[in-house]
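Position 1 is the first residue of the sequence; numbering continues from there.
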Amino acid sequence: MDFKAMTGKEIEAFLKDQVSEHYKLYIPKLMEDERSAVQKIGLKLQKKLEKLSTEKKRVESLWFYEKELAKEGYRMIAGLDEAGRGPLAGPVVAAAVILPFDLFIDGINDSKKISEKKREKLYDIISEKALAVGVGIVENNVIDEINILRATERAMGEAVKNLEIKSDFLLIDAVKLTDIKIKQQSVIKGDQKSISIAAASIIAKVTRDRIMNQYHEVFPEYGFVSHKGYGTKEHYQSIEKHGITPIHRKSFLQNL
């Protein structure tokens with residue numbers, strides 16, 4: 001590529017469409033250019049490459065549990081996580097995700113550590129790249145009947161059943177599923193330690209947030225679009241003013 005025949009804007013437009021594997025080829029040519037503006041582009045690309053290298057090492061470390069299980073012969077390892085155990089309203093949602101081995105997903109992490117915009121983007125990537133994704137949803141009335149822990153376990157069980165591919169091992173964030181006869185391991189803070197659980201946390205969180213956004217259209221005075229049903233000051237004030245809705249968890253509001 002002859003960058004000398006291109007303007008700075010043309011170079012930036014060209015690089016925007018290039019894969020990171022080619023950066024090493026372009027950086028020396030950019031740095032050798034006599035134009036300072038082009039050299040700055042080269043430096044920017046170098047920093048981007050260094051940042052990407054660090055991110056790849058971080059994501060690679062998230063494959064620890066899956067790779068250890070692969071040594072034992074497991075191949076369809078599903079990560080499980082939930083969203084919505086603590087809110088005063090709405091369902092608890094669980095997700096199960098089976099990823100192809102050594103998949104690199106830039107920015108994947110515990111869903112609570114990334115922005116809503118980033119979660120939405122990662123949701124699409126995971127949905128596209130995963131070997132299988134299953135979701136389980138347990139509504140607020142069932143939570144009131146059987147308690148939130150049992151409801152979470154039920155949602156996770158449904159997520160596993162809804163996988164398009166049968167899992168041979170489950171990595172679960174801090175929960176054990178005694179009703180499911182699949183070998184499993186509970187991992188404390190698993191959404192920060194396992195890429196499969198992190199992927200499941202993103203699928204569960206985005207799915208539940210979308211449900212709560214829909215409920216906002218039905219009950220706009222409660223502000224579900226902002227707090228997603230959690231016990232914020234705004235939410236408690238709305239309950240005091242308007243009362244509870246059909247999607248509120250009565251067992252969570254016994255003191256009101």
Nearest heavy atoms of [X] and [Y], plus distance in Å:
{"X": "L15", "Y": "I41", "answer": "CD1-CG2, 3.6 Å"}
{"X": "G223", "Y": "E234", "answer": "CA-OE2, 3.8 Å"}
{"X": "K228", "Y": "R208", "answer": "O-NH1, 2.8 Å"}
{"X": "V97", "Y": "A130", "answer": "CG1-CB, 4.0 Å"}
{"X": "G86", "Y": "F252", "answer": "O-CE2, 3.8 Å"}
{"X": "I108", "Y": "L122", "answer": "CA-CD1, 4.1 Å"}

Which residue pairs pass the side-chain hydrogen bond (donor to acceptor under 3.5 Å, both in side chains) test with at least one member in [range], sequence neighbours excluded?
{"range": "residues 91-101", "value": "none"}
{"range": "residues 42-51", "value": "Y23-K48, Q46-E50"}
{"range": "residues 128-147", "value": "D144-S251"}
{"range": "residues 168-181", "value": "none"}

**OP:** Please round to the nearest 0.5 Å and tell me the distance separating atom CG of L62 and atom CG of L99.
**Re:**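 L62 CG to L99 CG: 10.5 Å, rounded to 0.5 Å.
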**OP:** To the nearest 0.5 Å, tell me how far L103 CG sits from I126 CD1.
**Re:**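 Between atom CG of L103 and atom CD1 of I126 there are 9.0 Å.
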**OP:** For H235, enumerate each residue passing the ring-ring contact (aromatic ring centres under 6.0 Å, His included) test, keeping only those at least two apart in sequence or located in another chain.
**Re:**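 Per chain and number, H235 pairs via ring-ring contact (aromatic ring centres under 6.0 Å, His included) with F224, H227, H248.
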Original post:
Taking the six-membered ring for Trp, are the ring centroids of F3 and Y26 within less than 6.0 Å of each other?
Top reply: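 Between Y26 and F3, which both carry aromatic rings, the centre distance is below 6.0 Å.
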Subject >> Residues, nucleotides or ligands: over 12 heavy atoms within 6.0 Å of R58 CZ >> reply: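 More than 12 heavy atoms, drawn from other residues, nucleotides or ligands, come within 6.0 Å of this atom.
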**OP:** Can you establish whether the number of heavy atoms outside E34 located under 6.0 Å from its atom CD is more than 12?
**Re:**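 No, because the 6.0 Å sphere around CD of E34 holds 12 heavy atoms or fewer from other groups.
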Subject >> Between E66 and S196: side-chain donor-acceptor atoms closer than 3.5 Å >> reply: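 A donor-acceptor contact under 3.5 Å links the two side chains.
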Original post:
Between R85 (side chain) and T152 (backbone), is there a donor-acceptor pair under 3.5 Å?
Top reply: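 Flag not set: sc R85 to bb T152 has no pair under 3.5 Å.
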Subject >> Lys/Arg cation over aromatic F101: K67, 6.0 Å, 45° cone >> reply: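 Judged by the rule, K67 and F101 form no cation-pi pair.
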Subject >> Salt-bridge present (E12, K9; N to O < 4.0 Å) >> reply: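 Looking at K9 together with E12, the answer is no, because their closest N to O distance does not fall below 4.0 Å.
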Original post:
What salt bridge (Lys or Arg N to Asp or Glu O under 4.0 Å) pairs are there with at least one residue in residues 105-124, not counting sequence neighbours?
Top reply: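 Pairs touching residues 105-124 that pass the test: D110-K112, K112-D191, R119-D209, E120-R210.
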